[in-house]
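In what follows, chains carry the letters A, B, and so on, assigned in the order in which the sequence lines appear, proteins first and then strands, with residues in each chain numbered from 1.
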Amino acid sequence: MQASDRFNINSQLEHLQAKYVGTGHADLNRFEWAVNIQRDSYASYIGHYPILGYFALAENESIGRERYNFMQKMLLPCGLPPERKRIEEDKARPEASHELL
Amino acid sequence: MYLYSLTLQRATGVVCAVNGSFTLELLRPDEAGRIQILHSVEVFGAIRSLAQFRLTGSQKDYLVVGSDSGRLVILEYNVAAARFDKVHQETFGKSGCRRIVPGEYLAVDPKGRAVMVAACEKQKLVYVLNRDAAARLTISSPLEAHKSHVICYSVTGIDCGFDNPIFAAVELDYSEADLDPTGQAAADAQKHLTFYELDLGLNHVSRKWSEPVDNGANLLVTVPGGGDGPGGVLVCAENFVIYKNQGHPDVRAVIPRRDDLPAERGVLVVSAATHRQKSLFFFLLQTEYGDIFKVTLDHEGGERVKELKIKYFDTIPVTSAMCVLRTGFLFAASEFGNHALYQFQSIGDGPDVEASSTTLMETEEGFQPVFFQPRPLKNLLRIDQVESLMPIMDMKVTNLFEEETPQVFTLCGRGPRSSLRILRPGLAISEMAVSQLPGTPSAVWTVKKNVNDEFDAYIVVSFTNATLVLSIGETVEEVSDSGFLDTTPSLAVSLLGEDSLMQVHPNGIRHIREDGRINEWKTPGKKTIVKVGSNRQQVVIALSGGELIYFEMDITGQLMEVEKHEMPGDVACLDIAPVPEGRQRSRFLAVGSYDNTIRILSLDPDDCMQILSVQSVSSPPESLLLLEVKASTGGEDGADHPASVFLNAGLQNGVLFRTVVDMVTGQLSDTRSRFLGLKPPKLFSAMVRGRQAMLCLSSRPWLGYIHQGRFLLTPLSYETLEYASSFSSDQCAEGVVAVAGEALRVFTIERLGETFNETVIPLRYTPRKFVLVPKKKHLVIIESDQGAFTAQEREENKKVFFEATGIGENGTANNGDQMENGGGDNDEEKDPLSDEQYGYPKAVSDKWVSCIRVLDPRTGETTSILELQDNEAAFSVCTVNFHDKEHGTLLAVGTAKGLQFLPRKSLIGGFIHIYRFIDDGKGLELLHKTQVDGVPLALCQFQGRLLAGIGPECENKLFPNTIMSIHTYRDRIYVGDIQESFHYCKYRRDENQLYVFADDSVPRWLTAAHHIDFDTVAGADKFGNIFFARLPQDVSDEIEEDPTGGKIKWEQGKLNGAPNKVEEIVQFHIGDVVTCLQKASLIPGGGECLIYGTVMGSLGAMLPFTSREDVDFFSHLEMDHMAYRSAYFPVKDVIDGDLCEQFPSLTPDLQRKIADELDRTPGEILKKLEDIRNKII
């Protein structure tokens, strides 16, 4: 990297995007945005034990199973990505099950 | 509004647990097999992982904590001070539970040379641990082992002896799957087991080895290596356990399944523990159904693994962590419900194993499953448990039993371990003996024969005209050879000097020498002794008329009269402090008089019987006690803080008055008072954990004692007592003997340090909500469970199982409950395979069971239970009086039939049942059943009608998502939406129409709601915040004055919702999902506060401040404490009481510094803290 590049806004952005997962960019589509939000949500659920417990109660599963399920969901949190050209808006569905508490 | 938030009952759920030699574990099993919580610290953050490690050659373990702080913290347990000392704190990232900020996983090198801290995704950091010349722990700067687009499932350290440390991780790369619209890449995504090697020479971490692993992998367990075993890891995956190591073929075995498990369900290992001895190691893996399997490896000289064997060990409730203690115990921290300590009876080393790698069968459909039958505990024996309220599902505070203080009714637990727990503020006691006496005793003492004796020798009971002496031995029986005068009442009985006894009766003092000689001292003239104060060396008596006579023991063991003093009037009470260690006498005598004063007199020879100080009190004192309080956390011995002597006085108006006595001058200062009950408190000294404590007997008994360095005054849950004395025998080391009525009672005090004691009534399914039926004082509880069988079906399956086992078939197609009968054949009563221990058998996930229960809380008896049929489950309940008043109070229950969450929420139908109470409120009769479109999650009575919140479609689609709460007050309806906070509604009767006139601008995922006042509601959201929403006064007035009630504005439909917005006036992060809120007062005459209960089983209170001065004081004391309590929203107008209560645990210097900044003394601050706590509980 040349010295002048360091002050270039684009290279700074790139640096941020590389360092912090989920940093947005101008061409971000709705799917990418939703995927990121969902992954953040799942990571947050996993990190907060009481929330895991809350979900486990609602679904009548063990907390360990609930944690595993959330980890698994991080792979494709919003279903399959849309076709390249046809960027469809795949709506991220919130968890429905916690309603019953 | 300003609130003071205080946690009353700490969360009882365990997130993670480790054991190790912190010279002592934090949970230490004591000799009696009880678990004591040695230490607990409020961290004001979220702990996500814990690990312990030990440096090579060292004897002491350190604790590493992974939390939401973006820091790695290493702690050391300081035994002397009984606290954790922070050794290192390394910042590596932002705070908060973030996806790529490490803290979720922790792994340590088994030799304690390095620690890896990892995040859910991408980041992994390795710190090298070492020690410096002074043997202090040092830590390096972090080495990165990041990889983008990789999800991490588990991390562990590989045991590779003294080679370079290696960490193993289960990883999944998702970068391809995110880009491939066909789904092929996602289907092909493969988890990998990756070894990271830390090169200690180069100070560098590299990916050493990576190999595909079963896609169900979720947990890694280190296998002992070096000289002790083959090394490598056990990969626990769904249905399998696989041994893996670099350059070693996989050794795979299938995890046995319960026969009754639906085929669609996998078996997942949720917790693991390793046991290591010199020549032997094995693993205990617990599945999500609670079954523990013992895994052993057959290996050749610590090299190749030939066989992996899985043997069914035992079944205990599902845990979040298990620890095998070296002393042969297993600590199981349950996910929900009580934690338990088990003792190993055997280690299950029979040759019969359920599954093994050598018998693994692979068919076209995959690996052949193996089945097993759970059986009663064989290898483990439960010896103690730790109460846990987790999760609290619903809670109500009310004084149903008409006791002195209200009771807290909580619904706790889940599935078969559910219970209704009635909490009462106070300590639990366990009664050892009750015996009737001939007459009504007035007082009781215990006395030792010799100062060096461990146990008491006599119990002396005084009646109005006689004294009864009981000797303590194998049994307690009356004796007459004790030397005590039994024809007169006694005023005091005690040990004098080394080995002589003293009895004070109204006409004199009887001194019984060890050799049987008796010295009598008679009162002069017609005067009688009215009060006595004594310790081992000194005796002061008060004669009628107010004369004090002071005796002291001389060197020959004779009791000699030293001094007389005339008091202005009759003496109400007096006390001498115990002789301080290494001194001849105690310096102070406290005398209470009927003229509302307490005087401190000197007993020193120089100024004997001089009045040192006078304190006037609000009412004549009834009883006095000088108590030495070593209030400190400085250490077990209190070395850090000097002990201070407190003068405690029980006044006739029921107040306990405490004041500090200056050790030198005898001046009194720093007074505190607390109302204890309707009777004047009598004070007695007792022993608690080897320290002096105080029993106060008012209309209920209280105990003042020191717990974790803090003086606590807590009520005991016991009946009114007349007189008490400490009691010690070989059956009961620290007990209390007391008289009440005509009975003599011996009891011990349990679970010190707890705020509540509980009465447990078991329930059948996960309780959801409950209501109190007014007048009848019954509770109606609704319970529902998903994926379970009804009691009937379980009963039937049990029969089927009997037949099945008759023919010796185990794997038949029945999928019901075959466990309740296990080995118990005819032994139905014992039922060793209780559901409580084994859990209900799993049914398919869209199957529901539910029941409505009417319960009489006084007897704990269920008077009626209605099991709902046809896959219906109850979710809401309320009592209702319809305006036609035909049936009186009715019960409304909202149910859903065939509810399913995944793949999409669906249901066959929702119903509202209306029941009538029959049999004097003991039974229920169905009157009517209405079908509705959605799940009725909230029901409420409103103006003689029933309001039901049914999904989003409450009558006219006003509400965005799902209604989860409805409260009403006057003509307003406060509706809580599951995702969109509160909506304030009005109902127009003439048009039969509902309209929303105000709502919240913040999208809140409500979990609990409570109505506070006309304009205010309190709510809690899913992320652990409590907030108050209030309609601004001017808007509220405007709506009340508007004849249309703001309806016109509503019809305009601006502002994306209601025309008015509520303001959030209070914000606070609890850090735990709050499931219930209630406005209540926990003590009679105390201020009303907001009580909350949480998923993790904690109870807390928020008390509104009454003066601006207090707000200022506490906000200055709290200083800058924002980060954690503002995790989601900036904290507003709430003082964190838990933080303020850390003040007493600070060092004296720091306390003084803080106090100086506030222009106060530390004593004043402590008093203030105590006062505000006493306002709550």
Carefully, step by step, assess B/D1072 and A/Y49 under the rule side chain to side chain contact (heavy atoms under 4.5 Å, CB included). CA-CA 8 Å; B/D1072 194 349; A/Y49 195 79; over 6 Å; no
B/R414/A/E61 under salt bridge (charged side-chain N to carboxylate O under 4.0 Å, His left out): CA gap, chis, key distance, verdict: CA-CA 10 Å; B/R414 178 170 87 157; A/E61 293 286 355; over 6 Å; no
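Interface remark: of the candidates B/A1008, B/A186, B/G216, B/A185, B/G216 forms the most heavy-atom pairs closer than 4.5 Å to chain A.
Looking at A/Q72 and B/Y153, their side chains do bring a donor and an acceptor atom within 3.5 Å of each other.
Using modelled atom types, one side-chain atom of A/N60 and one backbone atom of B/Q786 make a donor-acceptor pair closer than 3.5 Å. A donor-acceptor contact shorter than 3.5 Å is absent between the side chain of B/E288 and the backbone of A/R65.
Of the two parts of B/V170, neither the backbone nor the side chain holds a non-hydrogen atom closer than 4.5 Å to a non-hydrogen atom of chain A. Neither the backbone nor the side chain of B/Q900 comes within less than 4.5 Å of any heavy atom of chain A. Contacts of B/V1073 with chain A are made by both backbone and side-chain atoms, with heavy-atom separations under 4.5 Å. Proximity to chain A is limited to the side chain of B/A189, based on heavy atoms less than 4.5 angstrom apart. Only the side chain of B/Y105 comes within contact range of chain A, judged by heavy atoms closer than 4.5 Å. Only the backbone of B/A217 comes within less than 4.5 Å of a heavy atom of chain A; no side-chain atom from C-beta onward does. Only the backbone of B/T182 comes within less than 4.5 Å of a heavy atom in chain A; its side chain stays farther off. Of the atoms belonging to B/D180, it is backbone heavy atoms, and not side-chain ones, that fall under 4.5 Å from chain A.
For the pair B/K94 and A/Y20, the cation-pi test (distance below 6.0 Å, angle within 45°) is passed. Within the cation-pi definition used here (under 6.0 Å to the ring centroid, within 45° of the axis), A/R39 qualifies as a partner of B/Y174.
A/M71 places none of its side-chain heavy atoms less than 4.5 Å from the side chain of B/L172. Between A/R67 and B/V270, every side-chain heavy-atom pair lies at or beyond the 4.5 Å cut-off. In this structure the side chain of B/F1023 never reaches within 4.5 angstrom of the side chain of A/H48, judged on heavy atoms. Contact of the A/Y54 side chain with the B/P391 side chain is not registered, since no non-hydrogen atoms from C-beta on lie closer than 4.5 Å.
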